[in-house]
Chemist: 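Pasting in a structure now, in structure tokens, and then I'll have a few things to ask.
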Protein chains: 2
Amino acid sequence: MAGKWSVQILVAAAQGPIRFTELERGIEGISRRMLTLTLRNLERDGLVTRTVHATVPPKVEYELTPVALELHQTLQRLTDWAENNRVYIAEARATYDAEHQPELLDA
Amino acid sequence: MAGKWSVQILVAAAQGPIRFTELERGIEGISRRMLTLTLRNLERDGLVTRTVHATVPPKVEYELTPVALELHQTLQRLTDWAENNRVYIAEARATYDAEHQPELLDA
DNA sequence: CCGGATCCAATCTGATACTG
DNA sequence: CAGTATCAGATTGGATCCGG
């Protein structure tokens, strides 16, 4: 599971330790289930550490490991590329779709 | 569809125009169907061009666009990161699994 | 507050067989 | 050579309910 949410978690946690609920609020559209699952996978791969504070109410913080911080940096370039070429790709898609679906007009 | 095969196609086509069958042979485990589908998506997004040569037998060449070549370069860094940290991740996984599944020994 | 468990729908993929 | 069509199976994701 490379996971469609992993990248966003890496970005959200890049600035330092962050709580479960903060992640949930910070990542648009993620469900609790997917947040938990993705965090577990990242933890399993040694990319995040999970720290449970025995307080009331409970408090769990996630923090990126050094390896994950490196990954975050290289991902940043990908994000930049995506941002720089968003319009180009959107236009390419529109053109392609216009040329390959005109049959629908026959109806 | 970011597509699990897209990256490998980008790598295989990075050196210049390449034919359908060459791609099929060069990418381990890909089916004809997935190769076709992934190429169509890349073409739709303006990342590859498709050139049909009207010869016998047919010859179709795929070539990366400039935008895709940029993408290939940034992906290269990701690949490097993955290679550098493969062992670290494998060990983290083994450790994690050992600590979270010992209940199975009760049987 | 944090997260596990279950159910269910959508999506993705491979195998196979058939064409210009 | 370079695809397309169809079908079945695996993955993935959201909704929901329950527990420490």
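As the structure is a computational prediction, the values presented were derived from the model and not from experiment. Proteins come first, then strands; the chains are lettered A, B, ... in the order of their sequence lines, and each starts at number 1. Just the heavy atoms: all of them, side chains too, but no hydrogens, waters or symmetry mates, feed the values below.
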Chemist: What integer distance in Å separates A/L37:CG from C/dA5:P?
Modeler: 10 Å
Chemist: Tell me: CE of A/M34 to C1' of C/dG4, nearest whole Å?
Modeler: 14 Å
Chemist: Would you compute the distance between atom CG of A/L69 and atom CD of A/E63 and round it to the nearest 0.5 angstrom?
Modeler: 8.0 Å
Chemist: Could you check how far CH2 of A/W5 sits from C1' of D/dG13, rounded to whole Å?
Modeler: 9 Å
Chemist: Compare side-chain N and O positions of A/S31 against OP1 and OP2 of D/dG14 and report whether any pair is under 4.0 Å apart.
Modeler: yes
Chemist: I want to verify a distance call: between C/dG14, C/dG3, D/dG3, whose nearest atom is closest to the B/R40 side chain?
Modeler: D/dG3
Chemist: Please determine whether side chain to side chain contact (heavy atoms under 4.5 Å, CB included) holds for the pair B/L39 and B/L23, giving the CA-CA distance in whole Å, both sets of side-chain angles, and the decisive distance to 0.1 Å.
Modeler: CA-CA 10 Å; B/L39 284 170; B/L23 283 170; 4.1 Å; yes
Chemist: Please report, rounded to the nearest Å, how far the P atom of C/dG3 is from the CD1 atom of A/I30.
Modeler: 12 Å
Chemist: Considering every strand and a 4.0 Å limit on heavy-atom distances, what is the contact class for B/P57: base, sugar-phosphate, or nothing?
Modeler: sugar-phosphate
Chemist: Start at the 5' end of DNA chain C and walk down; is the nucleotide closest to B/P58 or to A/R19 reached first?
Modeler: A/R19
Chemist: Is any side-chain N or O of B/K59 closer than 4.0 Å to OP1 or OP2 of D/dG3?
Modeler: no
Chemist: For the hydrophobic clusters of this structure (ILVMFWY residues joined by side-chain heavy atoms under 4.5 Å, transitively), does one cluster hold both A/V87 and B/L42?
Modeler: no
Chemist: Given atom CZ of B/R33 and atom C1' of C/dC12, what is their separation to the nearest angstrom?
Modeler: 8 Å
Chemist: Can you measure B/H53 atom NE2 to D/dC1 atom C1' for me and round it to whole angstrom units?
Modeler: 13 Å
Chemist: Does any part of the side chain of B/V60, heavy atoms only, come nearer than 4.5 Å to the side chain of B/Y62, both counted from C-beta?
Modeler: yes
Chemist: Using whole Å, report how far CG of B/N41 lies from P of C/dC12.
Modeler: 9 Å
Chemist: Expressed in angstrom and rounded to an integer, what is the separation of B/R32 atom CZ from C/dA17 atom P?
Modeler: 13 Å
Chemist: Would you mind checking if A/R25 and A/E22 are paired as a salt bridge, meaning a charged N to carboxylate O distance below 4.0 Å?
Modeler: no
Chemist: Let's see if you can work this out: which of C/dG14, D/dA2, D/dT4 has an atom nearest to the side-chain heavy atoms of B/T36?
Modeler: D/dT4
